[in-house]
Amino acid sequence: MKNVITFGTFDVFHFGHARILERAKEHGDRLIVGVSTDNLNLKKKSRRPLYKQNERLHIINSLKSVDMAFYEESLEMKREYIIQHNAHTLVMGDDWKGKFDHLNDICDVVYLERTPSISTTEIIEIIRSQ
Ligand code: CTP
């Protein structure tokens, strides 16, 4: 059984999110997703997500492509999470290309192309401007 792990905020769930999870799943048998907490996001993106962490976790857990989701509390704990969840492959969007190559000693690190022309930030901006 090959476990794949990936991480993200997945706020205002959109097509790009669905696609990366489906493609991540193709790299193994089980897909495990670290959903970043509201606090982590405040640090990372300097804003609170619109959807609360329990709502984002619930949505991710309800997807056909996802076998299990958990809270990612810290960006620095990727190594611990990979070991804890016995992941063979780490999938990240290519906005992170090269950033996680140091984890190559414990798993395969794969960067997948982002779906063009869509992001949570852009969706929020479009709604704000209308
Ligand atoms: N992702 C993707 N294609 C997109 C948007 C996101 O493949 N168009 C992927 C990211 O690479 C990441 C995961 O979805 O692996 C979660 O990304 P997240 O940062 O939560 O979504 P964004 O839409 O990029 O959010 P934001 O605009 O707030 O940065």
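This one's a predicted model, so the numbers in the text were calculated from it and none came from an experiment. Ligands are counted one by one from 1 in listed order, and the atoms in each one are counted from 1 as well.
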Between the protein and ligand 1, are there any N or O atom pairs that come within less than 3.5 Å of each other, and if so, what are their names and distances?
unit_1   : atom_1 : unit_2 : atom_2 : d
ligand 1 : 3 (N)  : T115   : N      : 3.0
ligand 1 : 8 (N)  : T115   : O      : 2.7
ligand 1 : 8 (N)  : I118   : O      : 2.6
ligand 1 : 11 (O) : D95    : OD1    : 3.1
ligand 1 : 19 (O) : K45    : NZ     : 3.0
ligand 1 : 20 (O) : T9     : N      : 3.2
ligand 1 : 20 (O) : F10    : N      : 2.8
ligand 1 : 21 (O) : H17    : NE2    : 2.9
ligand 1 : 23 (O) : H14    : NE2    : 2.9
ligand 1 : 23 (O) : T120   : N      : 2.8
ligand 1 : 23 (O) : T120   : OG1    : 3.3
ligand 1 : 24 (O) : R114   : NH1    : 3.1
ligand 1 : 24 (O) : R114   : NH2    : 3.1
ligand 1 : 25 (O) : K45    : NZ     : 3.4
ligand 1 : 27 (O) : T120   : N      : 3.4
ligand 1 : 27 (O) : T121   : N      : 2.9
ligand 1 : 27 (O) : T121   : OG1    : 2.5
ligand 1 : 28 (O) : K45    : NZ     : 3.0
ligand 1 : 28 (O) : R47    : NH2    : 3.2
ligand 1 : 28 (O) : T121   : OG1    : 3.1
ligand 1 : 29 (O) : K45    : NZ     : 3.0

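Every residue meeting the salt bridge (charged side-chain N to carboxylate O under 4.0 Å, His left out) condition with D67, not counting sequence neighbours, appears here in chain and number order: K25. Applying the salt bridge (charged side-chain N to carboxylate O under 4.0 Å, His left out) rule to R19 yields the partners E22; only residues at least two apart in sequence or on another chain are considered.
Side-chain contact check for D11 and T120: no donor-acceptor pair (N or O, by modelled atom type) lies under 3.5 Å.
Contact of the H17 side chain with the I60 side chain is not registered, since no non-hydrogen atoms from C-beta on lie closer than 4.5 Å.
Grouped by direct or indirect side-chain proximity (heavy atoms under 4.5 Å, Ile/Leu/Val/Met/Phe/Trp/Tyr only), M68 sits with I5, F7, I32, F70, M77, Y81, I82, I83, L90, M92, W96, F100, L103, I106, V109, Y111.
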Audit row: V35, E72, side chain to side chain contact (heavy atoms under 4.5 Å, CB included) steps and yes/no:
CA-CA 5 Å; V35 175; E72 179 190 22; over 6 Å; no

